[in-house]
Amino acid sequence: MAKTLHPTKLRNSAEYARSIWHIVVDPGVTVEDVLVPGFWAHHTDKIRINDLIDIIGQDFDIQLRATGKGIGYVETRLLRKWTDDVAVASKPAPDLDVPEGYVVDHTPKTLWRVRLKDGGVEVKRDIKTRSEAVDTAVAHAMRASGIAA
């Protein structure tokens with residue numbers, strides 16, 4: 001005899017059983033970043049197990065399902081992935097150009113910025129491109145080490 005779905009399994013529509021989150025991440029965030037459970041540390045109170053998370057990045061579009069969670073992390077399963085292979089192949093390695101002891105990152109409020117790794121002191125913010133931010137970090141590192149006057 002063929003199996004049938006139990007009558008109580010269709011009581012709730014999907015809108016009531018789970019949430020669907022839509023997130024556009026900042027430039028520089030990679031697929032690998034969002035797959036790390038700790039990436040979601042600030043959102044563990046909102047995301048529930050079985051929620052779907054659509055993530056749009058600069059060169060990727062993925063969908064995750066929340067499969068578990070704890071204090072400071074949400075575990076996910078990759079359901080769908082699209083990457084712009086041309087953009088990924090032509091992208092430079094993220095921090096190879098950034099001097100040791102510096103961080104170059106992007107936020108919607110500060111745009112690209114340069115910070116010292118120890119203490120997080122901001123060197124400069126509101127920089128339009130990553131390339132300009134890296135140049136700023138290199139110039140600051142040279143000046144701080146006495147190479148440039």
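Remember, it's a predicted structure, so these values are computed and weren't measured experimentally.
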Tell me whether [X] shares a hydrophobic cluster with [Y], the cluster being built from Ile, Leu, Val, Met, Phe, Trp, Tyr side chains joined at under 4.5 Å.
| X | Y | answer |
| --- | --- | --- |
| V31 | I55 | yes |
| W112 | V123 | yes |
| L78 | V25 | yes |
| L52 | I49 | no |
| L116 | V134 | yes |

Q: Verify side chain to side chain contact (heavy atoms under 4.5 Å, CB included) between W40 and L64, making sure each step is shown before the conclusion.
A: CA-CA 12 Å; W40 304 100; L64 306 175; 4.0 Å; yes

**Q.** Trace of the side chain to side chain contact (heavy atoms under 4.5 Å, CB included) decision for V103 with V114
**A.** CA-CA 6 Å; V103 175; V114 177; over 6 Å; no

Supply the atom-to-atom distance [X] [atom1] to [Y] [atom2], rounded to the nearest 0.5 angstrom.
| X | Y | atom1 | atom2 | result |
| --- | --- | --- | --- | --- |
| I71 | D45 | CD1 | CG | 12.0 Å |
| L35 | R77 | CG | CZ | 13.0 Å |
| T76 | F39 | OG1 | CZ | 10.5 Å |
| D126 | L111 | CG | CG | 5.5 Å |
| T110 | K124 | OG1 | NZ | 13.0 Å |
| F60 | K81 | CZ | NZ | 9.5 Å |

With a 4.5 Å limit on heavy-atom distance, are the side chains of [X] and [Y] in contact?
| X | Y | result |
| --- | --- | --- |
| Y102 | K117 | no |
| I56 | H22 | yes |
| I53 | I23 | yes |
| V104 | I127 | no |
| P37 | V74 | no |

Q) Is it true that D61 and R80 make a salt bridge, defined as a side-chain N closer than 4.0 Å to a carboxylate O? A) yes

Q) In terms of side-chain geometry, is the basic nitrogen of K69 or E75 positioned less than 4.0 Å from the acidic oxygen of its partner? A) no

Q | Short side-chain donor-acceptor distance under 3.5 Å, W21 and D51 | A | yes

Q. How about S19 and R48: does a side-chain donor come under 3.5 Å of a side-chain acceptor?
A. yes

(Q) Looking at D135 and E132, would you say the former's side chain and the latter's main chain have a donor-acceptor pair under 3.5 Å? (A) no

Q: In sequence, state the C-alpha distance, the side-chain angles, and the governing distance for R115 and R113, and then conclude on side chain to side chain contact (heavy atoms under 4.5 Å, CB included).
A: CA-CA 7 Å; R115 297 181 295 125; R113 65 182 177 176; 3.6 Å; yes

